[in-house]
Amino acid sequence: MDLDKLMSKHLSRYFDGSKTIPDETLQQLLKFLRSAPTSTNIQPNHFYVVSTQEGKKHLAANLGERFQDNAEKILNASHTIILTTRADIPEHHLEAVFAKERADGRFADEAKHELWEFMTRDFLNLRKYGYKDEYHWMEKQTYMVMGLTMMAAAELGVEAMPLEGFDPVSVDKAFNIRATGYTTTVLLALGYPDEAKQYKTPVSRFEPERLFTFA
């Protein structure tokens, strides 16, 4: 990965609608997305991969009245991933996580499995009843997953643009998301840049002494 190149460029805001991510590249990216870590391996996400013209038009038309400026970005992107987060953690989801860990042989012996499950339940109870931030905590996992996926996309030569400019209620309704126990958190548009519309000015950031404290 060329870090100097990444640090000197603006995030792409406009995509070339004539270019599509090859399926092999997309599958690599989705494989990475599936493998991205979450705290306690809770995996609180479901991902809607929007790539067809019908799907893109449907998403673009349901961003909400205040956010129609983003419709062009959705329509020209090769793919847009709707990253959704669980509204809560029902017992059946937690049991499914534990069952998959056991099936995959995550721990070498039963005692470690039991200890892990106890510690996970204890931590989730702390988030729910102690800190009272269970949903917010899961949302943070979603953003962590998105950030890692953006880095993976860059490695694969794909531009990734996060979008918060949408009405989650509208998107949830359009794709019947809330009925599944999830809600939309953020959109990630993927594709190749429209070079004629890219910002060419320098990237502006605070100086290191303002940003870093070493202890």
Side-chain angles (χ1 to χ4, degrees), residues 1-3 5-36 38 44-85 139-178 180 182-201 203:
M1 182 182 292
D2 188 339
L3 289 180
K5 182 178 179 181
L6 284 179
M7 289 187 291
S8 64
K9 70 185 290 295
H10 289 277
L11 198 68
S12 290
R13 295 293 180 184
Y14 298 96
F15 294 100
D16 184 339
S18 69
K19 295 181 179 179
T20 302
I21 299 171
D23 187 62
E24 181 181 356
T25 302
L26 176 67
Q27 293 308 317
Q28 284 182 285
L29 189 58
L30 295 181
K31 183 178 180 180
F32 180 89
L33 177 57
R34 176 175 174 263
S35 73
T38 54
N45 307 113
H46 187 84
F47 310 104
Y48 292 75
V49 183
V50 181
S51 62
T52 65
Q53 287 302 312
E54 180 183 12
K56 288 193 279 188
K57 289 178 181 178
H58 190 51
L59 177 57
N62 286 281
L63 296 175
E65 184 178 351
R66 300 176 65 181
F67 303 106
Q68 280 307 297
D69 286 350
N70 284 329
E72 178 186 353
K73 299 167 186 176
I74 300 297
L75 293 172
N76 286 332
S78 173
H79 295 69
T80 296
I81 300 176
I82 305 174
L83 292 92
T84 74
T85 307
E139 271 196 319
K140 289 190 287 187
Q141 310 310 309
T142 303
Y143 274 90
M144 180 173 69
V145 165
M146 182 182 69
L148 290 169
T149 302
M150 291 176 67
M151 297 298 290
E155 182 71 15
L156 293 170
V158 174
E159 295 285 334
M161 176 179 60
L163 284 169
E164 291 185 309
F166 66 93
D167 179 353
V169 175
S170 180
V171 174
D172 283 354
K173 184 177 180 180
F175 289 85
N176 196 32
I177 292 172
R178 293 196 179 182
T180 68
Y182 293 77
T183 183
T184 303
T185 298
V186 66
L187 309 179
L188 184 63
L190 302 163
Y192 300 101
D194 182 340
E195 296 295 348
K197 294 183 178 180
Q198 298 310 302
Y199 293 114
K200 306 298 183 182
T201 55
V203 173

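Every heavy atom of this structure was used, including side-chain atoms; hydrogens, water molecules and symmetry mates were not. Numbers for residues simply follow the sequence, beginning at 1. Model, not experiment: these values are computed from the prediction.
Using a 4.5 Å heavy-atom cutoff, the side chains of Y192 and V158 are in contact. A 4.5 Å side-chain heavy-atom check between K173 and N62 finds every atom pair outside the cut-off. Counting only heavy atoms from C-beta outward, the side chains of I81 and L33 approach each other to under 4.5 Å. Here the side chains of T85 and Y182 are not in contact, with every heavy-atom distance at 4.5 Å or above. Side-chain contact between D167 and E65: absent, with no pair of heavy atoms (C-beta onward) separated by less than 4.5 Å. Annotation: side chain of L148 is in contact with side chain of F32 (closest heavy-atom distance under 4.5 Å). At a threshold of 4.5 Å between non-hydrogen side-chain atoms, the residues Y143 and L83 do not count as touching.
Under a 3.5 Å cut-off, the side chain of Q198 and the backbone N or O of Y14 do form a donor-acceptor pair. When atom types are taken as modelled, the side chain of S78 and the backbone of L190 share no donor-acceptor pair closer than 3.5 angstrom. Checking side-chain atoms of H58 against main-chain N and O of A174 turns up a donor-acceptor pair under 3.5 Å.
Here the options are L156, T20, L30, the test is side-chain contact (heavy atoms from CB on, under 4.5 Å), and the partner is T25; only L156 passes.
Considering only residues two or more places apart in sequence or on other chains, Y48 meets the ring-ring contact (aromatic ring centres under 6.0 Å, His included) condition with H46.
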